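Heads up: the structure comes next, in C-alpha cells.
In this text the structure is predicted, and so the values were computed from the model without any measurement. As a basis for the values below, the full set of heavy atoms in this structure was taken, side chains included, without hydrogen atoms, waters or symmetry mates.
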Amino acid sequence: MATITMTLEHYNAIVDELLNGLKSSEKEIAKELSALKTKKIYEDAKRAYSQIINNWYNSYSPLYYNRLYSLKSAADITMLDEHTIDIYLNEDHLGGHHLNNAGLYNLTMRQGYHGGSKYRGPLNKWSHETRPAVKTFSPVRAMQNWAKSYSSPHEKEKHVVQIVKKYLSKYELFRLLYGTR
C-alpha cells in the first residue's frame, strides 16, 4: 500500500477537477453506456429467440411431414439505432402452407400448435387428415415474457470500466485512486 501526501488545497483542487470533468463528460459516458447496453440487449434477444424456437421445435416430433424449420427465421430483430431495438415476429417467412401465412402463424407462433390436420383451422375439410394437433407453448408469448423480464448484467462488464476509464483517467485523483496512467 502506497502512501500519498498532499496539501488539503491540492486535494480539494483535484477533487473539484474530477467532479467538474465527470459533469462535463456525463452525456458522452451515458451515450456510450447506452449504446453498449443496446448492443448487449440486441445480442441477447437474438439468442433468446433462437433458444425459444429451438425449444418449441424440440417439444414435438412430427410423424406425417418433414419440417421446413421456417419459424427459425420468423423473428426480425433489428437494432434501429444505438438506443432502440425492434423485435418483430414476422409471418412472411411461413410460405408454402395451405393455411396461408397468417393462419399458420396464428396456430403455431401464437397458439403453440404442432402438426396434425384435425384442428380448428379455417378449412372444414382436409385433404389428408392425420391426427389432432399437439399444443405445447406459444413462441410469441415466450418471447414477450422474455422481453418483460429481461435484465442485463451490463454494469459488471469490463467494457463499462473501459468506457469510464477512457473519460476519467486524465484526472489526477482518478489516477491516484485507481492506479491508471
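Side-chain atoms of Ser73 come within 3.5 Å of backbone atoms of Ser70 as a donor-acceptor pair (strictly under, hydrogens ignored). A side-chain donor-acceptor contact under 3.5 Å links Tyr105 to the backbone of Leu89. Without hydrogens or angle criteria, Ser169 side chain to Lys165 main chain gives a donor-acceptor distance under 3.5 Å. Judged purely by atom type and a 3.5 angstrom limit, Asn106 has no side-chain atom pairing as donor or acceptor with the backbone of Ala102. A side-chain donor-acceptor contact under 3.5 Å links Ser24 to the backbone of Gly21. Under a 3.5 Å cut-off, the side chain of Ser59 and the backbone N or O of Trp56 do form a donor-acceptor pair.
Here the closest non-hydrogen pair linking Gly112 and Pro139 is CA-CD, 4.5 Å. Nearest heavy atoms, Ile87 versus Ala45: CD1-CB, 4.0 Å. Minimum heavy-atom separation, Thr38 to Glu82: OG1-O, 2.8 Å.
One finds the OH atom of Tyr113 at 11.5 Å from the OG atom of Ser138 (value rounded to the nearest 0.5 Å). Distance CD/Glu43 to CD1/Ile77: 12.0 Å, rounded to 0.5 Å. We find the CD-NE2 distance between Glu17 and His10 to be 8.5 Å, quoted to the nearest 0.5 Å. Separation of atoms CG (Leu173) and CD1 (Ile14) is listed at 4.5 Å; rounding is to 0.5 Å. Taking CG from Asp86 and CE from Met79, the interatomic distance works out to 12.5 Å, rounded to the nearest 0.5 Å. Note that the NZ atom of Lys148 and the CZ atom of Arg141 stand 10.0 Å from one another [nearest 0.5 Å].
You'll find the side chain of Leu36 reaches within 4.5 Å of the side chain of Ile163, heavy atoms only. You'll find the side chain of Lys166 stays beyond 4.5 Å of the side chain of Ile29, heavy atoms only. Looking at heavy atoms from C-beta onward, Ile52 lies in side-chain contact with Phe137 at the 4.5 angstrom threshold. The closest side-chain heavy-atom distance from Val15 to Leu18 is not below 4.5 Å. Contact annotation: the side chain of Met143 never approaches that of Ile53 to less than 4.5 Å [non-hydrogen atoms, C-beta and beyond]. The shortest distance between side-chain heavy atoms of Glu32 and Tyr167 falls below 4.5 Å.
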What verdict does the side-chain hydrogen bond (donor to acceptor under 3.5 Å, both in side chains) test give for His114 and Thr136, after you've listed the backbone C-alpha separation in whole Å, the side-chain angles of each residue and the deciding distance to 0.1 Å? CA-CA 8 Å; His114 292 270; Thr136 57; 3.1 Å; yes

Apply side chain to side chain contact (heavy atoms under 4.5 Å, CB included) to Met6 and Leu176, showing your working. CA-CA 12 Å; Met6 68 177 72; Leu176 288 171; 3.6 Å; yes

Under the side chain to side chain contact (heavy atoms under 4.5 Å, CB included) criterion, do Asp81 and Thr84 qualify, and how do the steps go? CA-CA 5 Å; Asp81 58 36; Thr84 311; 3.1 Å; yes

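Relative ring orientation between Tyr69 and Tyr57 is described as tilted, the plane-to-plane angle lying within the 30° to 60° band.
Residues Leu80 and Tyr88 do not share a hydrophobic cluster, defined by chaining ILVMFWY side chains whose heavy atoms lie under 4.5 Å apart.
Counting heavy-atom neighbours within 6.0 Å of Glu172 CD, excluding the residue itself, gives a total above 12.
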